[in-house]
A.B. asks: 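Let me begin by handing over the structure; questions about it come next.
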Amino acid sequence: MGANIGTTVTAWLISLLGFKMDISVLSIPLMAVGFICTLGKKSRTKNIGEFIIGFALLFLGLSFMKESVPDLQSHPEVLSFIAKWTGYGFGSVLIFLVFGTILTLVLQSSSATMALTLIMLNMGWIPFEMAAAMVLGENIGTTITANIAAAVGNVQAKRAAIAHTMFNVFGVIWVLILYRPFLSFIGKIITLFGYPDPTTATFAGEVEGTQTMESTAALYGISMLHTMFNLINTCILIWFIPWIEKAVKWIIKSPSKPEEESFKLKYINAGHLATAEMAIEQAMKEIVHFAEISKRGLGYVKSAINEQDADKFEEYREKLVKYEEISDRIEYEIASFMNALSKEEISSDSKAQIRAMYKIISELESLGDSGEAISRILSRKNAHGQAFDEDELRKLNRLTDMVDKAYDVMIANLNVGYDNLKDISNAYDAEQNINEMRNTLREEEIANLEHDGKNYQTSMYYMDVISQLETMGDFMINVSQALVKGKE
C-alpha cells in the first residue's frame, strides 16, 4: 500500500517539471555531478550521486519521448484514428483501461507508461477522461509485472504480489462504478488551485512548447487522480488487512512441508539488480536470515541432548542432519550471488564488505556442521548404551543456554550491520562466558573421573559435546569479528 502511494510521486515530478522547462538541457551536467559523487568514499555520497543520475535520466528519457511523438498538425490521421476509439461512451473508458494495462505489461514499468500517458494528454492526443482510464489500467498492469517477478519467489513473495493485485483491482472496480463523480471530485480539487476544471476544459495540446492553463490543469489532474486513487484505496483497505491476509493465504496455499519453505532465500532475487549497494544490502539481510535459521538448529541440539526416547531422539538427529544440509545449500546460494556481484564494478569498500560476508557465511555453515557433529556424538552414546546423568544434563543445558545467548548477540550485531557496528564487546563477553563454563565443566568431569569412578566412555561423550558447544561460540565470535575487521 505504501509502495502504491510512493509511486505516484513520479507522475507529479513529470507534471511539475517535465513539461514546463526543457530540463534535458541540465541532464548531462547533472549526470556529471552525479558521477563525481559516486566516486566518493562515503556510501551516502554515492547514493546521492546515483539519485542525481537517475533523476537526470528520467527527464532525458521524457525529453526523448516527447520529441518522438509526431506533430498532429503534420499527421492528422493519428488523431482521427484515436478519436474513433473515444466515441463509445463508457465503452471507450474500458478500451483505454485495457490499453493502459497492456502497455504497462509490455513496458514492464508503470512509471514509463504514466510518462507516455502524460505526453499523449499534453500533446492533445487523448482527452482527460481517456487518460484517466489509462491510469487505471496502468494500476492493473503493474500488478501483473509484480506477479511475474514473484513467480520465481517463495510463498510469501507470491502472496505479496496477489495482495498487490487485490488492492489495485478493488480500487479500479470502485472507481469505475463511481467514474463520473470521481472525475468531478478530482476536477474540483484542481480548481481549488486556480486552474480550470480538466474534466470540462478543452485544449488542443501543447503549442510550440508553451504550456496553457488548460493543459497544465490536465496534467495536474491526472497526477492528482493517481494520488487520490491510491490514497483513498489505502484508507479503505488498510482496515481489512487481516481479511486480505486470509484471502491470499487461501489463494496461495502453504507448502505441504511448511518447514521447507522457511529455508528458501527470502531477500536475494533471481532478477537483475539495479545497483551493487542494493545487492549487498539484500545479501546482508539474507545472511541475517541464515543466522536465524542456524539458531533454530541449536534448539534441536538441546532437545536431542535431553531426549531419552530412542525414536524421538532419531527425529531430532534427522533434523540436525537436515539443518547441516540446509546450511550448506544456503551458503552456496549466497556465495554464488556474491560471486556474480564481485564481477561488477564496485568500490573498494564494497569489495571489503563482500570479503567479510564470505567469512560470515563460512562461519554460519560451520555452525550447522557442529550441530550435526553433536548429533553423531549423541548417536554413538546411545548405540553404546550410555546415558548422561541428571547433573550432566543440567550442566549441558546451562552451556547450551549460554550458546543460545551468544546466538542472540551475533544476530543483533548482524542486524546493526557492517557500516554501523563499532563495538563487539557483547560478543567477546558471550564467548568468554562460554569458554569459562567449558573449562569449569571439563575440570569438574575430570575430577569426577578420578575420585568418583564415573564411566570413562560416558565422560568422553559428555566432554565431546561440551567441546562442540564451545566451538560454536568460536564460530559466532568470528562472525562479529568479520563485521568490524572487514572495515579495518
Side-chain angles (χ1 to χ4, degrees), residues 263 265-268 280-302 320-339 341-342 350-376 399-400 402-435 437-438 464-488:
F263 303 127
L265 299 185
K266 288 177 65 176
Y267 302 100
I268 292 177
I280 290 173
E281 182 181 351
Q282 286 183 333
M284 199 64 209
K285 287 181 179 179
E286 201 63 67
I287 288 173
V288 175
H289 180 226
F290 187 5
E292 291 168 347
I293 290 174
S294 179
K295 187 186 175 186
R296 294 182 216 167
L298 181 65
Y300 290 119
V301 167
K302 188 171 184 179
L320 289 169
V321 171
K322 188 175 102 174
Y323 266 73
E324 192 274 332
E325 295 171 353
I326 288 165
S327 64
D328 287 345
R329 187 170 76 242
I330 294 178
E331 180 197 24
Y332 172 77
E333 292 183 4
I334 296 176
S336 297
F337 179 80
M338 292 194 296
N339 285 343
L341 180 59
S342 300
S350 295
K351 289 179 181 178
Q353 185 171 355
I354 289 174
R355 285 195 295 271
M357 291 161 72
Y358 276 123
K359 172 69 172 174
I360 291 169
I361 61 174
S362 174
E363 300 296 336
L364 292 177
E365 189 275 333
S366 296
L367 285 167
D369 292 341
S370 291
E372 196 266 340
I374 290 174
S375 76
R376 283 189 274 108
L399 183 57
T400 307
M402 285 187 174
V403 175
D404 186 72
K405 290 179 181 177
Y407 255 114
D408 290 335
V409 169
M410 177 188 72
I411 293 172
N413 288 343
L414 285 171
N415 276 311
V416 173
Y418 177 86
D419 289 325
N420 300 316
L421 187 63
K422 308 295 182 185
D423 179 30
I424 58 169
S425 57
N426 55 353
Y428 284 118
D429 292 341
E431 199 236 354
Q432 184 178 356
N433 291 336
I434 293 172
N435 288 344
M437 175 63 74
R438 185 270 316 267
D464 284 346
V465 172
I466 290 173
S467 178
Q468 285 295 333
L469 288 171
E470 187 277 331
T471 301
M472 293 177 79
D474 292 340
F475 293 140
M476 284 184 270
I477 186 65
N478 290 345
V479 168
S480 294
Q481 287 175 337
L483 286 169
V484 294
K485 288 184 176 180
K487 290 181 288 186
E488 297 171 3

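Remember, predicted model here, so these are calculated numbers, not experimental data.
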A.B. asks: Between H289 and E286, do the side chains contain an N or O donor and an N or O acceptor separated by less than 3.5 Å?
C.D. replies: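 Distance-only check passes for H289 and E286.
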
A.B. asks: Looking at every non-hydrogen atom in both residues, tell me the closest pair between A482 and I360 and how far apart they are.
C.D. replies: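 Closest approach of A482 to I360: CB-CG1, 3.8 Å.
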
A.B. asks: Could R376 and E372 be called an ion pair, given the rule that one side-chain N must be under 4.0 Å from one carboxylate O?
C.D. replies: yes

A.B. asks: Indicate yes or no for a side-chain donor-acceptor contact from S480 to the backbone of I477 under 3.5 Å, with no hydrogens or angles considered.
C.D. replies: no

A.B. asks: Rounded to the nearest 0.5 Å, what separates atom NZ in K359 from atom CG in L483?
C.D. replies: 12.0 Å

A.B. asks: Could you state the interatomic distance from OH (Y323) to CG (L367), rounded to the nearest 0.5 Å?
C.D. replies: 13.5 Å

A.B. asks: What pair of heavy atoms forms the shortest contact from A430 to V409, and how long is it?
C.D. replies: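 Where A430 meets V409 most closely, the heavy atoms are CB-CG2, 4.5 Å.
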
A.B. asks: In Å and rounded to the nearest 0.5 Å, what is the CD1 to CG distance from I374 to D369?
C.D. replies: 11.5 Å

A.B. asks: Can any side-chain N or O of D404 pair as donor or acceptor with the backbone N or O of T400 at less than 3.5 Å?
C.D. replies: no

A.B. asks: Any chance you could lay out the side chain to side chain contact (heavy atoms under 4.5 Å, CB included) test for Y300 and S375, step after step, and finish with the verdict?
C.D. replies: CA-CA 9 Å; Y300 290 119; S375 76; over 6 Å; no

A.B. asks: Go through the structure and list residues passing salt bridge (Lys or Arg N to Asp or Glu O under 4.0 Å) with E331, not counting sequence neighbours.
C.D. replies: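 By the salt bridge (Lys or Arg N to Asp or Glu O under 4.0 Å) rule, E331 matches no residue at all.
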
A.B. asks: Tell me, do V301 and Q468 make a side-chain contact under 4.5 Å, heavy atoms counted?
C.D. replies: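 Side chain of V301 against side chain of Q468, heavy atoms only: no contact under 4.5 Å found.
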
A.B. asks: Would you tell me whether N339 and Y358 have side-chain atoms, one donor and one acceptor, within less than 3.5 Å of each other?
C.D. replies: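 There is such a pair (donor and acceptor under 3.5 Å, judged by atom type) between the side chains of N339 and Y358.
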
A.B. asks: Identify the heavy atoms of A291 and Y407 that sit nearest to each other, and give their distance.
C.D. replies: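 So the two residues come closest at O-CE2, 4.1 Å.
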
A.B. asks: What's the verdict on side chain to side chain contact (heavy atoms under 4.5 Å, CB included) for K295 and D408, showing C-alpha distance, side-chain angles and the deciding distance?
C.D. replies: CA-CA 8 Å; K295 187 186 175 186; D408 290 335; 2.4 Å; yes

A.B. asks: Could you go step by step and tell me if E281 and K285 meet the salt bridge (charged side-chain N to carboxylate O under 4.0 Å, His left out) rule?
C.D. replies: CA-CA 6 Å; E281 182 181 351; K285 287 181 179 179; 3.8 Å; yes

A.B. asks: Which distance, rounded to the nearest 0.5 Å, do you find between the CG of N433 and the CG of L399?
C.D. replies: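 The distance works out to 10.5 Å.
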
A.B. asks: Say whether, by atom type as modelled, one donor and one acceptor occur between the side chain of T471 and the main chain of S467 under 3.5 angstrom.
C.D. replies: yes

A.B. asks: So, taking the atom named CD1 in I424 and the one named CG in N413, what distance separates them when rounded to the nearest 0.5 Å?
C.D. replies: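 Answer for the CD1-CG pair, I424 versus N413, is 7.0 Å.
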
A.B. asks: What verdict does the side chain to side chain contact (heavy atoms under 4.5 Å, CB included) test give for R355 and K351, after you've listed the backbone C-alpha separation in whole Å, the side-chain angles of each residue and the deciding distance to 0.1 Å?
C.D. replies: CA-CA 6 Å; R355 285 195 295 271; K351 289 179 181 178; 4.0 Å; yes

A.B. asks: Report the C-alpha distance between S327 and F290 in whole Å, list the side-chain angles of each, state the deciding distance to 0.1 Å, and finish with yes or no for side chain to side chain contact (heavy atoms under 4.5 Å, CB included).
C.D. replies: CA-CA 8 Å; S327 64; F290 187 5; 3.8 Å; yes

A.B. asks: Taking all non-hydrogen atoms of both residues into account, name the closest pair between I434 and L469 and its distance.
C.D. replies: CG2-O, 4.4 Å

A.B. asks: Taking all heavy atoms of A406 and all of M476, pick out the closest pair and write down the distance.
C.D. replies: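 Distance-wise, the nearest heavy atoms are C-SD, 3.6 Å.
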
A.B. asks: Do N435 and E431 pair up side chain to side chain, a donor and an acceptor below 3.5 Å, judged on atom types alone?
C.D. replies: yes

A.B. asks: State the CD-CG distance between E470 and D474, to the nearest 0.5 angstrom.
C.D. replies: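 That separation rounds to 4.0 Å.
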
